[in-house]
A.B. asks: 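Encoded as structure tokens, here's the structure I'll be asking about.
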Amino acid sequence: MKKTTGMDRSVTSKWRPATQAVRGGTWRSEHGETSEALFLTSGYTYDNAAEVAARFAGEAEGMTYSRLQNPTVAMLEERIALMEGAEACRVQASGMAAMTAALLCQLSAGDHCVAARAAFGSCRWLVDHLLPRFGIETTVIDSADNDAWEAAIQPNTKVFFFETPANPTLDVVDLEHVCGIAKAHGITTVVDNAFASPALQRPMEFGADVVAYSATKLMDGQGRVLAGAVCGTKQWIDEVLLPFQRNTGPNLSPFNAWVVMKGLETLDLRAHRQSQNAVALGKFMEPRVPRILHPGLESHPRHALALKQMRATGPIFAFDLGSRAKAHALLDALELVDLSNNIGDSRSLACHPASTTHAGLSEEARAEMGVTEGLVRINVGLEDIEDLREDIDRALGAAGF
């Protein structure tokens with residue numbers, strides 16, 4: 001591979017996903033380094049004043065300031081865009097920086113946003129509390145009700161915002177149907193794809209306009225750094241997102257960008273292996289627990305839709321033990337699986353959403369979303385499935401199941 005091949009879309013767009021994840025976006029300096037270089041710099045120097053003026057005017061290629069461009073960050077952005085099938089990508093300091101930027105860059109006072117009720121706690125906080133502070137109306141609906149999306153549209157509706165599968169109840173949204181409604185009404189769809197990553201699901205193939213990520217999750221996949229990403233058309237990224245990002249500054253550090261690039265090299269392998277482990281563990285648990293929410297199991301109401309939209313159903317699922325006491329008893333009895341509120345990690349992790357990721361929401365909002373007191377969310381890792389079964393078996397017994 002030549003020094004700049006990874007940035008040449010005429011070449012890289014023909015590569016298959018696993019190859020794109022390893023080599024896409026790679027740009028090598030004059031030293032010809034094998035691994036992507038880490039550029040730890042806040043600013044750049046120029047040969048003359050005319051060059052500076054041309055770059056700041058957008059008339060010449062080149063870096064101006066690391067809040068706007070950085071070579072390491074640019075490599076990650078190109079790699080994610082390539083994997084997503086998007087024209088462009090801008091990375092952010094965290095997943096929530098990505099979600100906030102994707103919404104606020106295009107919504108103004110007087111606009112209206114329709115959002116799925118099942119969502120990560122902080123995403124619901126954006127919809128329920130932050131957007132209304134700026135005079136942006138919001139309507140929360142049951143995302144599994146296809147008719148509810150069109151029924152919620154108002155003359156001022158500008159955005160549909162949802163995640164699929166959703167955190168933590170694993171609701172699955174019919175991407176093709178919902179994105180089709182949005183396009184028919186001139187509404188922009190913003191899809192949070194963190195539970196799947198582009199290795200397992202590419203919402204743009206079903207009509208999504210904007211795809212946002214917590215790259216902290218599967219993209220890094222090893223619990224090391226925070227990162228986010230927003231993908232879209234080049235025009236939307238340059239004209240809508242970039243002015244917001246340039247002037248508010250949720251930029252990603254070069255070091256974190258470099259770490260996420262290393263994670264992407266193994267994303268395809270990890271995501272599929274973890275999905276296999278999750279299905280195996282879910283099948284083992286299904287006869288033992290009162291309720292399981294797992295799109296990889298036939299018992300999920302949208303199992304067929306999940307298989308249609310996704311290459312694999314992901315490493316995350318939830319189950320309900322009926323009470324907080326039983327949920328905590330199971331968590332306390334785990335010996336191998338860690339208690340942690342992160343997801344997408346190569347290690348198996350479990351948490352109680354009602355007292356962690358969704359604790360900031362009202363009891364009414366949690367009930368509306370299906371985040372019950374007995375709900376446990378698990379991220380299934382790369383450990384041997386037999387060890388995971390043994391750990392879960394012991395913990396279920398300790399919880400009385």
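Numbering starts at 1 and runs along the sequence shown. Model, not experiment: these values are computed from the prediction. Hydrogens, waters and symmetry mates are skipped; everything else that's a heavy atom, side chains included, is used.
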A.B. asks: Tell me whether K234 forms a cation-pi arrangement with W236, defined as NZ or CZ under 6.0 Å from the six-membered ring centre and within 45 degrees of its axis.
C.D. replies: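 Here K234 fails the 6.0 Å and 45° test against W236.
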
A.B. asks: Please give me the minimum heavy-atom distance between V140 and D128, naming the atom from each residue.
C.D. replies: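 In terms of heavy atoms, the two residues are closest at CG2-OD1, 3.8 Å.
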
A.B. asks: Are D320 and T372 linked by a side-chain donor-acceptor pair shorter than 3.5 Å?
C.D. replies: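 The answer is yes; a qualifying pair exists.
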
A.B. asks: Any side-chain donor-acceptor pair under 3.5 Å between T5 and K2?
C.D. replies: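 On atom types as modelled, these side chains do not qualify, holding no pair under 3.5 Å.
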
A.B. asks: Do you see a donor-acceptor pair shorter than 3.5 Å between the side chains of K262 and S35?
C.D. replies: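 A pair is found: one side chain offers a donor N or O, the other an acceptor, under 3.5 Å apart.
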
A.B. asks: Is the shortest side-chain N to carboxylate O distance from K217 to E163 below 4.0 Å?
C.D. replies: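 E163 and K217: not salt-bridged.
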
A.B. asks: Say you draw a straight line from SG of C105 to CD of Q245; how long is it, rounded to the nearest 0.5 Å?
C.D. replies: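 Output value for this atom pair is 9.5 Å.
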
A.B. asks: If we count only N and O atoms by modelled type, under 3.5 Å, do the side chains of R270 and T266 hold a donor and an acceptor together?
C.D. replies: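 Yes, T266 and R270 have a side-chain donor paired with an acceptor closer than 3.5 Å.
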
A.B. asks: Not counting sequence neighbours, list each pair that qualifies as a ring pair (Phe, Tyr, Trp, His ring centres under 6.0 Å) and has a residue in residues 156-184.
C.D. replies: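 Those involving residues 156-184 are W149-F160, W149-F162.
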
A.B. asks: Report yes or no: does H303 contribute a side-chain atom to a donor-acceptor pair with the main-chain N or O of P295 at less than 3.5 Å?
C.D. replies: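 A pair under 3.5 Å: yes.
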
A.B. asks: Would you say the side chains of S197 and Q201 form a donor-acceptor pair under 3.5 Å?
C.D. replies: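 Result is no, nothing qualifies.
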
A.B. asks: Between K158 and E137, is there a salt bridge with N-O shorter than 4.0 Å?
C.D. replies: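 K158 and E137: not salt-bridged.
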
A.B. asks: Whether E61 and R55 form a salt bridge (side-chain N of Lys/Arg under 4.0 Å from carboxylate O of Asp/Glu) is what I want to check.
C.D. replies: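 The answer is no: the pair does not qualify as a salt bridge.
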
A.B. asks: Pick out which of L375, D142, L361 makes a side chain to side chain contact (heavy atoms under 4.5 Å, CB included) with M369.
C.D. replies: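 Running side chain to side chain contact (heavy atoms under 4.5 Å, CB included) over L375, D142, L361 with M369 returns exactly one hit, L361.
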
A.B. asks: Any carboxylate oxygen within less than 4.0 angstrom of a Lys/Arg side-chain nitrogen, looking at E84 and R202?
C.D. replies: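 Salt bridge absent between E84 and R202.
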
A.B. asks: Under 3.5 Å, is there a donor on one side chain and an acceptor on the other for D171 and T169?
C.D. replies: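 The answer is yes; a qualifying pair exists.
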
A.B. asks: Under a 3.5 Å threshold, yes or no: a donor from one side chain and an acceptor from the other, between N341 and R377?
C.D. replies: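 Side chains of N341 and R377: no pair found under 3.5 Å.
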
A.B. asks: Applying ring pair (Phe, Tyr, Trp, His ring centres under 6.0 Å), which residue pairs with at least one partner in residues 317-376 are found, sequence neighbours left out?
C.D. replies: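 Sorted pair list: H294-F317, H328-H352.
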
A.B. asks: Taking the side chain from T72 and the backbone from F39, do they hold a donor-acceptor pair closer than 3.5 Å?
C.D. replies: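 Yes, because the side chain of T72 sits within donor-acceptor range (under 3.5 Å) of the backbone of F39.
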
A.B. asks: Would you give the length of the straight line joining atom CD1 of I392 to atom CG of D387, rounded to the nearest 0.5 angstrom?
C.D. replies: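 Rounded to the nearest 0.5 Å, the CD1-CG separation comes out at 12.0 Å.
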
A.B. asks: Decide whether Q69 and T64 meet the rule of one side-chain donor and one side-chain acceptor closer than 3.5 Å.
C.D. replies: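 Result is yes, a qualifying pair exists.
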
A.B. asks: Is the closest side-chain donor-acceptor distance between E36 and T26 under 3.5 Å?
C.D. replies: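 A pair is found: one side chain offers a donor N or O, the other an acceptor, under 3.5 Å apart.
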
